[in-house]
Amino acid sequence: MPRTPAPAIAAPRSIVVDYETGRVLYAKNADQPCAVASTQKLITALCVFDAGNLNKKFTIAKSDTWVEPTKLGILPGEVYTRRKLVGALLVKSGNDVARALARDNAGSEAKFAAVMNRKARSIGMKNSNFLNPHGLTAKGQYSTARDMAICAREAYKNPVIRSITNTRSYTFQYANGRTKRLTNTNKVLKRLSYCNGMKTGTTRASGRCLISSGTLNGRTAIVVVLGATTQTVWNDSEKLLRWALERPASR
């Protein structure tokens, strides 16, 4: 455990866990159900990886594009691999990408939600219910800071997901050859050299959400901040990561 008390944060819900052991280092309303926005794309990614064959190509359907507001701009008839779209899902948080991956995986958003919930239960998430792959507000969809920390630990175990969420930016090539520079939405990656992930999220219902991870002095910590504001989410997350990790190396 850190030797000093946790810093005061503005966010109403948060948790800090040690990645290796799962030990809770700090919690604030960690079991309070709430909307978690695009942070739930981490479990979407886990379900895509469970399906395997990341190099499988599939065609974008018109229905995949019927979603707002954050879109990558993929078009019906274009062909992509699962791997390429998972990268765009986690770095730039495209909701059209989430819908496409869900349909490819399970045939529809509703069927994919069932896949997400089975996955959540299998890894120990006991207080979550997912209804879509992107995190846009839906009545009856919720999770908690504790459950999202469990999800984040599972995602961090996957070296490909870990590498993607640590990517500051990369160039996405569309099917027609056009390219677009995608910048990671997680600003803590630029603030702390040892931050190495993971996922942002924001809707009117959820407020600003961020799951961040970092590794320093032989330790890795995961920080979940839910319901923050644009002014506080980055500071809250940075303060908690610093508190958890900026101390002498473990022995």
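This is a predicted model, so every value here is computed, not measured. Throughout, residue positions are numbered sequentially from 1 according to the sequence presented.
Side-chain contact of T44 with K41: a donor-acceptor pair under 3.5 Å is absent, judged by distance alone. A donor and an acceptor atom, one from each side chain of S128 and S143, are located under 3.5 Å apart. Using modelled atom types, one finds no donor on one side chain facing an acceptor on the other under 3.5 Å when comparing K199 with S212. N217 and Y194 share no side-chain donor-acceptor pair at under 3.5 Å. Side-chain contact check for Y156 and T215: at least one donor-acceptor pair (N or O, by modelled atom type) lies under 3.5 Å. A donor and an acceptor atom, one from each side chain of T144 and N127, are nowhere located under 3.5 Å apart. In summary, the side chains of D96 and T65 do not present any donor paired with an acceptor at a separation below 3.5 Å, with no hydrogens or angles considered. Side-chain contact annotation: D18 with T21, donor-acceptor N/O pair under 3.5 Å present. Neither side chain, R208 nor T229, offers a donor N or O lying under 3.5 Å from an acceptor on the other.
Within 6.0 Å of CZ on R204 lie no more than 12 heavy atoms contributed by other residues, nucleotides or ligands. Shown here is K84, whose NZ atom has more than 12 heavy atoms of other residues, nucleotides or ligands within 6.0 Å.
Between F58 and Y80, the gap from one ring centroid to the other reaches at least 6.0 Å.
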Begin from the C-alpha positions of N186 and R191 and carry the test side-chain hydrogen bond (donor to acceptor under 3.5 Å, both in side chains) through to its verdict. CA-CA 10 Å; N186 179 5; R191 289 189 176 200; over 6 Å; no

Is there a side-chain hydrogen bond (donor to acceptor under 3.5 Å, both in side chains) between S38 and S93? Walk through the geometry before answering. CA-CA 7 Å; S38 287; S93 207; 3.3 Å; yes

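Here CZ of R219 is found 11.5 Å from CD of E20. Values are rounded to the nearest 0.5 Å.
Between D147 and K126 no salt bridge is recorded (no basic side-chain N to carboxylate O distance below 4.0 Å). Contact check on R99 versus E109 returns a salt bridge, with a Lys/Arg side-chain nitrogen under 4.0 Å from an Asp/Glu carboxylate oxygen. Of the charged side-chain nitrogens involved, at least one lies within less than 4.0 Å of a carboxylate oxygen, so that D31 and R146 count as a salt-bridged pair.
Annotation: cation-pi pair R178/Y174 present, NZ/CZ under 6.0 Å from the ring centroid and within 45° of its normal.
Under the 4.5 Å side-chain contact rule for hydrophobic residues, I164 and M148 share a cluster.
No donor-acceptor distance shorter than 3.5 angstrom exists from the side chain of N184 to the backbone of S169, with no hydrogens or angles considered. Here the side chain of W243 pairs a donor or acceptor atom with the backbone of P5 at under 3.5 angstrom.
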